[in-house]
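Quick notes on the structure that follows.
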Amino acid sequence: MPELPEVETIRRQLAPLVESRALLEVAILDERWSRPLHPRELEEALRGRTVERLGRRGKYLLWGFSGDIHLAQHLRMTGSVLVDPDGEPPYTRVRMRFGARRGAGAAGQRRQVSLVVTDPRRFGTGELLVGGDALERFLDERLGLEPFDEGFTSAYLREIVRGRTAPIKAVLLDQRRVAGVGNIYADEALHRAGIHPLRPAGKLTGAQLERLREGIVGALAAGIDARGASIDDFRHVDGVRGSFQDEFRVHLRAGESCGVCGGPIVKIVAAGRGTYVCERCQRPPRQARRTR
DNA sequence: AGGTCGGCCTGGCAGC
DNA sequence: TGCTGCCAGGCCGACC
């Protein structure tokens, strides 16, 4: 499931292929993708516009088009973006075709580029944002700080956990507080920090919050370095898998031993999500209950 | 208002 | 073997 490192991997691969190209054709095959807009409305709004910049914020892939038009694309659980695929891949939900790169000389830049969005479970979305501050307002409503922002300090973490009784994992998964962390990187960050996912967020000490900041940034950076994790559906734009799943310290590793202390990795439920933890490195709070 | 849970969706798999 | 039903989970809306 694409989280920050997977979306950033897509952005880095895709940006040089689509920036400065006009979107000649766009076809939205699944009407859920563009809701509440009808696919035709979104297609007409985008067709013919040039991609000025491909950005990312949290787990959103942000298409900046000419004329102050933005498309905020979210891949949710099972979305992938494929460039120049052979034929029509299964579960294709959106097709795009881009023209030659503006002012390009090299043959590769004059060639057209085709792109498809695949998404078996159809949770993915594309939201149209028109004009000046629409994008900024959209993002501010939904997303807290980026973990790579210089303001993302232990003091910021202190601020967002203050008074919270919910488990720390629930806070990490809350995009309005920390942008881009999902189930995989929450587990990995908490293990790096030696903090149990069920610890009440507001009770963490300053030292724990500093370790947590390092754990979040460290896990996300490692994920980006490995070009993301491919558990089932995630693929690079050329169909290749990421490799971060081979570096998981706890996630999906129930029954194996912890690489730090040798203790057993167990699966529990935290914030309603399957959660992997080494309870020797990550001491559980008193009333924590283990399932399975 | 914070916290929790169900709905969306479908492939995959456990269990009969 | 083939069917049923449950699980996975990001995000949102409903409810306590």
Side-chain angles (χ1 to χ4, degrees), chain A residues 1-8 10 28-37 56-62 72-81 89-94 117-127 129 137-144 146-147 159-190 197-204 216 220 223 228-235 245 248 250-255 267-277 285 287-289 291-292:
Chain A
M1 44 249 48
E3 305 181 24
L4 188 156
E6 287 74 30
V7 180
E8 178 61 18
I10 291 171
I28 296 160
L29 311 179
D30 177 6
E31 83 287 345
R32 299 185 54 89
W33 195 80
S34 56
R35 273 200 322 206
L37 293 189
R56 179 198 57 78
R57 182 86 162 78
K59 302 175 196 172
Y60 285 95
L61 193 58
L62 302 175
Q73 180 184 359
H74 202 304
L75 298 167
R76 290 297 203 281
M77 306 287 304
T78 55
S80 285
V81 178
Y91 313 116
T92 293
R93 308 299 179 197
V94 181
V117 177
T118 64
D119 190 355
R121 276 179 230 182
R122 301 170 64 208
F123 282 1
T125 54
E127 194 144 343
L129 297 159
R137 277 191 286 113
F138 175 86
L139 296 174
D140 285 351
E141 261 168 37
R142 288 168 176 74
L143 300 179
E146 289 284 314
E159 199 180 301
I160 64 174
V161 302
R162 179 166 293 135
R164 303 285 306 276
T165 58
I168 183 59
K169 180 158 178 179
V171 176
L172 295 186
L173 294 178
D174 183 348
Q175 302 301 300
R176 284 163 305 177
R177 300 176 199 271
V178 181
V181 173
N183 202 35
I184 295 170
Y185 293 91
D187 281 0
E188 294 296 305
L190 286 164
L198 292 176
R199 289 250 160 218
K203 294 212 170 142
L204 296 178
I216 294 167
L220 292 173
S230 293
I231 294 173
D232 37 26
D233 296 285
F234 173 71
R235 293 293 183 276
Q245 66 280 2
F248 288 170
V250 287
H251 192 73
L252 297 182
R253 298 192 51 190
K267 183 182 185 185
I268 64 172
V269 174
R273 298 282 173 270
T275 298
Y276 299 84
V277 58
Q287 70 291 36
R289 220 187 266 155
T291 60
R292 246 176 295 200

Contact between [X] and [Y] at the side-chain level, heavy atoms closer than 4.5 Å - yes or no?
| X | Y | value |
| --- | --- | --- |
| A/Y60 | A/F138 | yes |
| A/I231 | A/F248 | yes |
| A/V81 | A/L75 | yes |

query = For every nucleotide of nucleotides 9-16 of chain C, 5' to 3': is a protein heavy atom under 4.0 Å from its base (B), only from its sugar-phosphate (S), or from neither (-)?
reply = BBBS----
key: Worked check of side-chain contact (heavy atoms from CB on, under 4.5 Å) between A/T92 and A/L29   = CA-CA 8 Å; A/T92 293; A/L29 311 179; 3.8 Å; yes
task = Find the distance between NE2 (A/H251) and CD1 (A/I184) and round it off to the nearest 0.5 Å.
result =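 Atom-to-atom, A/H251:NE2 and A/I184:CD1 are 4.5 Å apart.
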request  = Starting from the 5' end of DNA chain B, give me the residue, A/R93 or A/R164, whose nearest nucleotide shows up first.
outcome  =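 Looking at the nearest nucleotide for each, A/R164 comes out on the 5' side.
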ask   = What is the distance, rounded to the nearest whole Å, between atom CZ of A/R176 and atom C1' of B/dG2?
value =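 My rounded result for the distance is 10 Å.
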task = Classify the nucleic acid contact of A/T165 as base, sugar-phosphate or nothing, counting any heavy atom under 4.0 Å across all strands shown.
result =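 The answer is sugar-phosphate, as A/T165 gets under 4.0 Å only of primed atoms, P, OP1 or OP2.
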